[in-house]
S.K.: 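Before I ask anything, here is the structure I am working with.
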Protein chains: 2
Amino acid sequence: MADPALADRIASVLADVEGLELVGKDDEPDALVVAAPGAVAEPEASIALTGRELEVLALLAEGASNKLIARRLGISTHTAKYHVASLLEKLDAVSRTDAVAHAARIGVLHF
Amino acid sequence: MADPALADRIASVLADVEGLELVGKDDEPDALVVAAPGAVAEPEASIALTGRELEVLALLAEGASNKLIARRLGISTHTAKYHVASLLEKLDAVSRTDAVAHAARIGVLHF
DNA sequence: ACGACGCCTACCCATGTGGCTAGTGGACGA
DNA sequence: TCGTCCACTAGCCACATGGGTAGGCGTCGT
């Protein structure tokens, strides 16, 4: 059973992403995101990002500032900075721009 | 018809999110994420970047700061900033991170 | 000659970034 | 119970970013 709170968080982060439309369970979607074994692009390196870090990374990829990330996720700017710093460390990046580019290169982010 | 690549991207980003379970079409999900029709990004031929701007963009994609861009291209930091500002305007980006991500989405940058 | 464009330089200033440090609380496995 | 991890919060400070403004020079087309 998925964590409803996390699903809500993912839904709220993705709600404004261009090209995505969230629908209810009873609505007919155009397509589904499904787990296709082997078909999903897998990260090149064994970089383990936590759920929160992925949320922050997705927002970074939209060009969000720490302040905007904090607002979107309902956390303080300090916490947003903390997660950004963690991403820089895990992705071996020197800046948020480098982190986004690097994540795209190794398959953690796709455009 | 949704773009399968977009579905793969979302799936790959969400695949490792703790508490989130990707299910097959026949399974009962708690929530759905779908791609809106006609929203898949396509390379825009309308954006014309000059040679210098492409050089700066490539360096941005490596996470370079304005100072590093200036050093690499043998120009002043003022000029580097000028080109970054031009890129932000042409790519309709709010920051250098957004510019890199947007350029990747529309096919100007490849990772 | 003139205008447009690309490239370049400089300055000011408000805001953002990132490194560093320090801390709390919950969940989980040994 | 304890250690580890995750998520979160807070503050300081040097440096970077980005918007705005102003300007010069070379090239090219009209």
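Chain letters run A, B, ... following the sequence lines, proteins first and then strands; every chain starts at 1. What you see is a predicted model, and the numbers here were worked out from it, not measured in a lab.
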S.K.: I'd like to check the side chain to side chain donor-acceptor pair (under 3.5 Å) partners of T77(B); sequence neighbours left out, ordered by chain and number.
M.R.: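 Applying side chain to side chain donor-acceptor pair (under 3.5 Å) to T77(B) gives none.
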S.K.: Atom CG of L87(A) to atom C1' of dC6(D): distance rounded to whole Å?
M.R.: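 Interatomic distance, CG of L87(A) to C1' of dC6(D): 13 Å.
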S.K.: Roughly how many Å is it from CG in L91(B) to C1' in dG18(D), rounded to a whole number?
M.R.: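 Nearest whole value for this atom pair: 15 Å.
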S.K.: Can you check whether V94(A) reaches L88(A) side chain to side chain, under 4.5 Å on heavy atoms?
M.R.: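 In short, these two side chains do not touch, never coming nearer than 4.5 Å.
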S.K.: Got I75(A) and R52(A) here, is their nearest side-chain heavy-atom distance under 4.5 Å?
M.R.: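 In short, these two side chains touch, coming nearer than 4.5 Å.
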S.K.: Give the cluster check for L54(B) versus V100(B): same hydrophobic cluster or not, with ILVMFWY residues linked at side-chain heavy-atom distances below 4.5 Å.
M.R.: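 As far as the 4.5 Å side-chain criterion goes, V100(B) and L54(B) are connected within one cluster.
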S.K.: For T79(B) and S65(A), find the nucleotide of DNA chain C closest to each by heavy atoms; which residue's nucleotide sits nearer the 5' end?
M.R.: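 So the residue in question is T79(B).
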S.K.: OP1 or OP2 of dC7(C) versus the side-chain N and O atoms of T50(B): is any pair under 4.0 Å?
M.R.: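 Answer is yes, contact under 4.0 Å.
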S.K.: Tell me which of R96(B) and K90(A) sits closer to the 5' end of DNA chain D, going by the nucleotide each one is nearest to.
M.R.: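 Comparing both residues, the 5'-ward one is K90(A).
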S.K.: Let me know the distance between CG of L73(B) and P of dC8(C), rounded to the nearest Å.
M.R.: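 Taking CG of L73(B) and P of dC8(C), I get 8 Å after rounding.
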S.K.: Within the structure shown, what part of the strands sits under 4.0 Å from S95(A) by heavy-atom distance: base, sugar-phosphate, or nothing?
M.R.: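 Sugar-phosphate only.
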S.K.: Nearest-Å distance, NE2 (H83(A)) to P (dA10(D))?
M.R.: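 Rounding to the nearest Å, NE2 of H83(A) and P of dA10(D) are 13 Å apart.
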S.K.: With the side chain of S76(B) defined as its heavy atoms from C-beta on, choose the nearest nucleotide among dT9(C), dT9(D), dG19(D).
M.R.: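 Nearest listed nucleotide: dT9(C).
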S.K.: Side chain of L88(A): nearest nucleotide among dG18(C), dC8(D), dC8(C)?
M.R.: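 Of the options given, the side chain of L88(A) lies nearest dG18(C).
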S.K.: Rounded to the Å, how far apart are Y82(B) OH and dC11(C) P?
M.R.: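 Distance, rounded to whole Å: 18 Å.
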S.K.: Per the side-chain hydrogen bond (donor to acceptor under 3.5 Å, both in side chains) rule, what does the pair list look like for residues 88-99 of chain B, sequence neighbours excluded?
M.R.: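 Non-adjacent pairs meeting side-chain hydrogen bond (donor to acceptor under 3.5 Å, both in side chains): T97(A)-T97(B), E53(B)-K90(B), N66(B)-R96(B).
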S.K.: Could you check how far CG of D98(A) sits from C1' of dT17(C), rounded to whole Å?
M.R.: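 Nearest whole value for this atom pair: 14 Å.
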S.K.: For the pair made of CD in E89(A) and C1' in dC6(D), what is the distance, rounded to whole Å?
M.R.: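 From E89(A) CD to dC6(D) C1': 14 Å.
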S.K.: Expressed in angstrom and rounded to an integer, what is the separation of K67(A) atom NZ from dT17(C) atom C1'?
M.R.: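 Rounding to the nearest Å, NZ of K67(A) and C1' of dT17(C) are 13 Å apart.
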S.K.: If you only use heavy atoms from C-beta on, which nucleotide in dG19(C), dC7(C), dC8(D) is closest to the side chain of I75(A)?
M.R.: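 For I75(A), the side-chain atoms sit closest to dC8(D).
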S.K.: Nearest to the side chain of R52(B), which nucleotide is it out of dC8(C), dA16(D), dG16(C)?
M.R.: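 Shortest atom-to-atom distance from the side chain points to dC8(C).
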S.K.: Counting side-chain heavy atoms from CB outward, which of dA16(D), dT9(C), dG18(D) is closest to K81(B)?
M.R.: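 Out of dA16(D), dT9(C), dG18(D), the nucleotide with an atom closest to K81(B)'s side chain is dG18(D).
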S.K.: For N66(B) and dA16(D), is the shortest distance between a side-chain N/O and OP1 or OP2 below 4.0 Å?
M.R.: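 No, no such contact exists.
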S.K.: Just compare dC11(C), dG16(C), dC8(D) and give me whichever is closest to any side-chain atom of H78(B).
M.R.: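 For H78(B), the side-chain atoms sit closest to dC11(C).
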